[in-house]
Amino acid sequence: MQTPEKTIPAAPEYESGAAYIDGAFMPVIQAAIPVLHGGYRRSDVTYDVVGVWDGNFFRLDDHIARFRASIRALHMEPAESDAEIIEILHRLVALAGLRSAYVSMECLRGAPKPGLPRHPANCRSYLSCHAIPWQSVATHEMFERGMHLMISSVLRIPPESFDPTVKNFHWGDLTRSMFEAKAAGADYSVLLDSDGNITEGPGFNVFCIRDSVVVCPARGALKGITQKSVLELCDELGLKSEVRDITAEEFRNADEIFTCTTAGGVMPASRIDGRRLNNDRPGPISTRLKDLFWSKRTEGWHASPVRYELAAKVASCPDPS
Ligand SMILES: Cc1ncc(COP(=O)(O)O)c(C=O)c1O
């Protein structure tokens with residue numbers, strides 16, 4: 001899977017990416033969040049990431065709908081409408097001249113207005129977005145040999161504490177588990193909930209396959225847009241799928257395992273806690289799903305073509321200062 005080349009010329013300052021913060025467009029290297037803002041000091045932020053592949057956004061409307069639901073869940077009110085956010089994202093990809101991109105939209109809380117108590121309700125929220133060259137959770141080597149996963153001893157933050165369907169930067173558990181995985185010689189971790197069921201990993205959802213039935217967790221994880229796509233592909237291939245609890249034992253003994261996310265698509269695994277699956281190689285059903293995912297993407301599945309002509313409009317953007 002070769003990343004399509006960047007073919008649109010960008011202004012030199014936008015070559016490493018483009019950003020938008022609270023009304024202003026800028027090169028991504030200039031984009032910064034003030035240290036006193038809640039988005040930085042308290043991780044008081046929600047975000048979403050949509051992929052662009054070969055000049056097309058994938059499921060942009062689904063990402064915007066999930067982003068808006070997360071914004072509402074955190075009692076935030078950015079100035080921009082959904083239609084305006086969509087136009088900003090198109091413009092960022094156009095400015096950076098990217099055919100394939102990692103496009104992030106964030107809504108974060110600022111600082112309390114002077115004289116008001118330090119309550120989040122007293123802070124305005126605003127938008128920060130950026131588009132940078134495509135990046136993947138799995139390296140080329142991991143795609144070739146399959147990901148090596150481990151079930152971490154670190155438990156996922158319980159949904160009763162923070163709703164995992166609100167995409168967030170509370171990555172303390174995920175980050176800690178990544179160090180545990182590294183020490184164990186694995187590429188990535190998968191976290192359990194307090195009932196011992198599989199949830200998700202740092203930046204991806206997980207599936208396991210047993211007797212050709214494709215299964216993913218019902219709760220404790222982000223409702224991934226790639227996960228939703230995989231379930232649609234299962235229907236298309238006539239594969240039975242189930243969304244239900246998965247114990248650590250069932251996961252460890254699966255025939256196949258794969259992870260999935262916007263930044264990587266379907267990523268087959270070949271090891272779980274040191275156990276080798278499929279002769280230490282990506283499994284056949286996972287590989288079929290991965291290949292169908294990318295061939296459909298290339299054919300324009302859920303695609304919105306990037307409006308590259310919007311790059312020219314940035315000069316007329318209002319300066320918020
Ligand atoms: C914790 C977590 N779970 C799952 C996912 C996968 O979601 P999606 O397929 O919508 O990218 C992500 C993506 O970043 C994530 O951060």
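For ligands, and for the atoms within them, numbers begin at 1 and follow the listed sequence. What you see is a predicted model; the values in this text were computed from it and never measured.
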List, pair by pair, the atoms of ligand 1 and of the protein that are both N or O and lie under 3.5 Å apart, giving the separation rounded to 0.1 Å.
| unit_1 | atom_1 | unit_2 | atom_2 | d |
| --- | --- | --- | --- | --- |
| ligand 1 | 3 (N) | E200 | OE1 | 2.7 |
| ligand 1 | 9 (O) | I225 | N | 3.3 |
| ligand 1 | 9 (O) | T226 | N | 2.9 |
| ligand 1 | 9 (O) | T226 | OG1 | 2.5 |
| ligand 1 | 10 (O) | R66 | NH1 | 2.9 |
| ligand 1 | 10 (O) | R66 | NH2 | 3.0 |
| ligand 1 | 10 (O) | I225 | N | 2.8 |
| ligand 1 | 11 (O) | T262 | N | 2.9 |
| ligand 1 | 11 (O) | T262 | OG1 | 2.6 |
| ligand 1 | 14 (O) | K167 | NZ | 2.4 |
| ligand 1 | 16 (O) | K167 | NZ | 3.3 |

Of K223, R66, R59, the residue whose pairing with D48 passes salt bridge (Lys or Arg N to Asp or Glu O under 4.0 Å): R66
Would the number of heavy atoms belonging to other residues, nucleotides or ligands and lying under 6.0 Å from CZ of R176 be above 12? no
Heavy-atom neighbours of D235 CG exceed 12 at 6.0 Å: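 Yes, enclosed.
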Could you walk me through whether F293 and F58 pass ring-ring contact (aromatic ring centres under 6.0 Å, His included), step by step? CA-CA 11 Å; F293 178 83; F58 182 57; 5.6 Å; yes
To check you understand the geometry: which heavy-atom pair defines the closest contact between K296 and L233, and what is its length? CD-CD2, 3.5 Å
Which of these, D211, V213, V214, sits in a side-chain contact (heavy atoms from CB on, under 4.5 Å) with K240?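 The passing option is V213.
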